[in-house]
Amino acid sequence: MASSGKGDQTQGAVRVNGFNDVPKPFLIGVGGGTASGKSTVCSKIMTELGQNEIDQKQKQVVIISQESFYYPLSSTDEPRASRGQYNFDHPSAVDDELILRTLSDLKCGKAVKIPEYDFVTHSRKPDAWRTVYPADVILFEGILVFYFKDIRELFDMKLFVDTDADTRLSRRVVRDIEERGRDLDQILHQYTSLVKPAFEEFCLPTKKYADVIIPRGADNTVAIGLIVQHIEDLLKPNSNLCAKRLRHNSDSLVSRPH
Ligand SMILES: Nc1ncnc2c1ncn2[C@@H]1O[C@H](COP(=O)(O)OP(=O)(O)O)[C@@H](O)[C@H]1O
Ligand SMILES: O=c1ccn([C@@H]2O[C@H](COP(=O)(O)O)[C@@H](O)[C@H]2O)c(=O)[nH]1
């Protein structure tokens, strides 16, 4: 990634003069059912790539979650969501156009602003936007990341975290009670009536698009080690892929300010 350079601020991105060969971010999609361990796998990859101690603006690897792209709920849907009756697992709940625009902008080297989601209130946190810079590697995780064709085609690598359904449900119960303010009845009702059928209809069929399937999620240290090794190899300055990632555009836009 180009490191320094004097740039001027242009609509959220920094135009760097004189850099012809700026690598595009390497975009990795991480799909899988609810509570399969997508976030945990992503954070293990971050840790193994030594990214956790690095300042936000300097990070070479960043994680973005599909949850940031839920549509705001209407006043009639809000009470349904609180009763576990709103279908957050259906593709229509997700602003796929905003995802496409966001990931495309990152791929073009532009910084983006991403809304932060609050699972407790089922809504975007008011006025909480995170700026994401086009790092070397961007991990985009979520249940439907491979569902939309245009989005799917943006990924340079597709991972599917494949964890047994009983394990996922038991983890979801614990997580949703501890972290997402749910009660058991609501979780089980939502799971059986909405989450499971949607998983089978919209998420599971996307497993076929994966380049790598990770059985047992974050427990699969061998698979995670191989993926980390592969990313490290790709990011070496002389690798073939790094060469492919170089843009041959004299008017490059890059945003990571270092
Ligand atoms: N390998 C694992 N062993 C034990 N608990 C796990 C494991 N992977 C994930 N978890 C826990 O299960 C829950 C769901 O994991 P998470 O990574 O958030 O899944 P997802 O992002 O797919 O929804 C979290 O509470 C997490 O700490
Ligand atoms: O407000 C909300 C938004 C989403 N959900 C559920 O979350 C999961 C997806 O998140 P994972 O971290 O991948 O589990 C999805 O199954 C939705 O049902 C929610 O309950 N409330």
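All residue numbers in this chain count up from 1 along the given sequence. Whatever order the structure lists them in is the order used to number ligands and atoms, beginning at 1.
Not one N or O of Ala218 is nearer than 3.5 Å to an N or O of ligand 1, by distance alone. Checked by distance only, ligand 2 and Asp176 stay at 3.5 Å or farther apart across all their nitrogen or oxygen atoms. Not a single N or O atom of Arg216, backbone or side chain, sits closer than 3.5 Å to an N or O atom of ligand 1. Between Thr34 and ligand 1, no pair of N/O atoms sits closer than 3.5 Å.
Under the 3.5 Å distance criterion, the side-chain polar atoms of Gln66 are matched with a main-chain donor or acceptor of Ile143. Using a distance-only test at 3.5 Å, with no hydrogens or angles considered, no donor-acceptor pair links the side chain of Glu48 to the main chain of Gly225. Checking side-chain atoms of Lys107 against main-chain N and O of Leu154 turns up a donor-acceptor pair under 3.5 Å. With hydrogens and angles ignored, the 3.5 Å screen pairs a side-chain donor or acceptor of Asp156 with a backbone N or O of Leu27. A distance-only check finds no donor-acceptor pair linking the side chain of Asp95 to the backbone of Tyr71 [under 3.5 Å]. Glu232 contributes no side-chain N or O that, together with a main-chain N or O of Leu49, makes up a donor-acceptor pair within less than 3.5 Å. With Lys59 contributing its side chain and Ile54 its backbone, the two residues share a donor-acceptor pair below 3.5 Å. No side-chain donor-acceptor contact under 3.5 Å links Arg130 to the backbone of Glu116. Under the 3.5 Å distance criterion, the side-chain polar atoms of Lys110 are left unmatched by any main-chain donor or acceptor of Thr102.
The distance from ligand 2 to the heavy atoms of Asp89 drops below 4.0 Å at these ligand atoms: 15 (C), 16 (O), 17 (C), 18 (O). Remark: ligand 1 atoms within the under-4.0 Å shell around heavy atoms of Gly33 are 22 (O). Short contacts between ligand 1 and Ala35, defined as distances under 4.0 Å to a heavy atom of the residue, involve ligand atoms 14 (C), 19 (O), 20 (P), 22 (O), 23 (O). Close approach to Ile143 involves these atoms of ligand 2, each under 4.0 Å from a residue heavy atom: 13 (O), 15 (C). Contact atoms of ligand 2 toward His122: 1 (O), 2 (C), 21 (N) (distance under 4.0 Å to a heavy atom of the residue). Annotation for ligand 2: atoms under 4.0 Å from non-hydrogen atoms of Val195 are 16 (O), 18 (O). Close approach of ligand 2 to Ala35 (heavy-atom distance below 4.0 Å) involves ligand atoms 14 (O).
A single hydrophobic cluster is seen to contain both Val137 and Met157, as judged by linkage of ILVMFWY side chains at heavy-atom distances under 4.5 Å, directly or through other members.
If you check which protein heavy atom lies closest to atom 7 (O) of ligand 2, you get Arg180 NH1, 3.3 Å. Scanning all protein heavy atoms for the shortest distance to atom 21 (N) of ligand 2 gives Arg182 NH2, 2.9 Å. Shortest contact from atom 21 (O) of ligand 1 to any protein heavy atom: Ser39 OG, 2.6 Å. Given atom 12 (O) of ligand 1, the protein heavy atom at minimum distance is Arg171 CD, 3.1 Å. Scanning all protein heavy atoms for the shortest distance to atom 6 (C) of ligand 2 gives Arg172 NH2, 3.6 Å. Looking from atom 19 (O) of ligand 1 to the surrounding protein, the closest heavy atom is Gly37 N, 3.2 Å. Closest to atom 13 (O) of ligand 2 among all protein heavy atoms lies Lys38 NZ, 2.8 Å. Atom 1 (O) of ligand 2 has Tyr117 OH, 2.6 Å as its closest protein atom, hydrogens excluded (heavy atom only). The nearest heavy-atom contact from the protein to atom 9 (C) of ligand 2 is Tyr70 OH, 4.1 Å. In terms of protein heavy-atom proximity, atom 1 (N) of ligand 1 is nearest to Asp219 OD1, 2.8 Å. Of all protein heavy atoms, the one lying nearest to atom 26 (C) of ligand 1 is Thr40 OG1, 4.0 Å.
Residue contact annotation: Ser65 has no non-hydrogen atom under 4.0 Å from ligand 1. For Gly217, the heavy-atom gap to ligand 1 stays at 4.0 angstrom or more. At a 4.0 Å cut-off, at least one heavy atom of Gln190 sits close enough to ligand 2 to count as contact. In this structure, Arg175 counts as a contact residue of ligand 2, since one of its heavy atoms falls inside 4.0 Å of the ligand.
Residues Leu103 and Val145 are not in side-chain contact: their nearest non-hydrogen atoms beyond the backbone lie 4.5 Å or more apart. With contacts defined as side-chain heavy-atom distances shorter than 4.5 Å, the pair Tyr191/Leu169 qualifies.
Residue contacts with ligand 2, taken as heavy atom pairs separated by less than 4.0 Å, do not involve Glu67 at all. Contacts with ligand 2 closer than 4.0 Å are made by heavy atoms of both the backbone and the side chain of Thr34. Only the side chain of Arg175 comes within 4.0 Å of ligand 1, judged by heavy-atom distances.
A salt bridge does not link Arg101 with Glu97: every distance from a Lys NZ or Arg NE/NH1/NH2 to an Asp or Glu carboxylate oxygen is 4.0 Å or more.
The ring of His122 has its center closer than 6.0 angstrom to the ring center of Phe88.
For atom 4 (C) of ligand 2, the nearest non-hydrogen atom from the set Tyr86, Phe199, Phe119 comes from Phe119.
The environment of NZ in Lys208 is crowded: more than 12 heavy-atom neighbours from other residues, nucleotides or ligands sit within 6.0 Å.
For the residue pair Arg180 and Phe119, the shortest heavy atom distance occurs at NH1-CE2, 3.3 Å.
The ring-ring contact (aromatic ring centres under 6.0 Å, His included) test with Phe146 is passed by exactly one of Phe140, Phe155, Phe202: Phe155.
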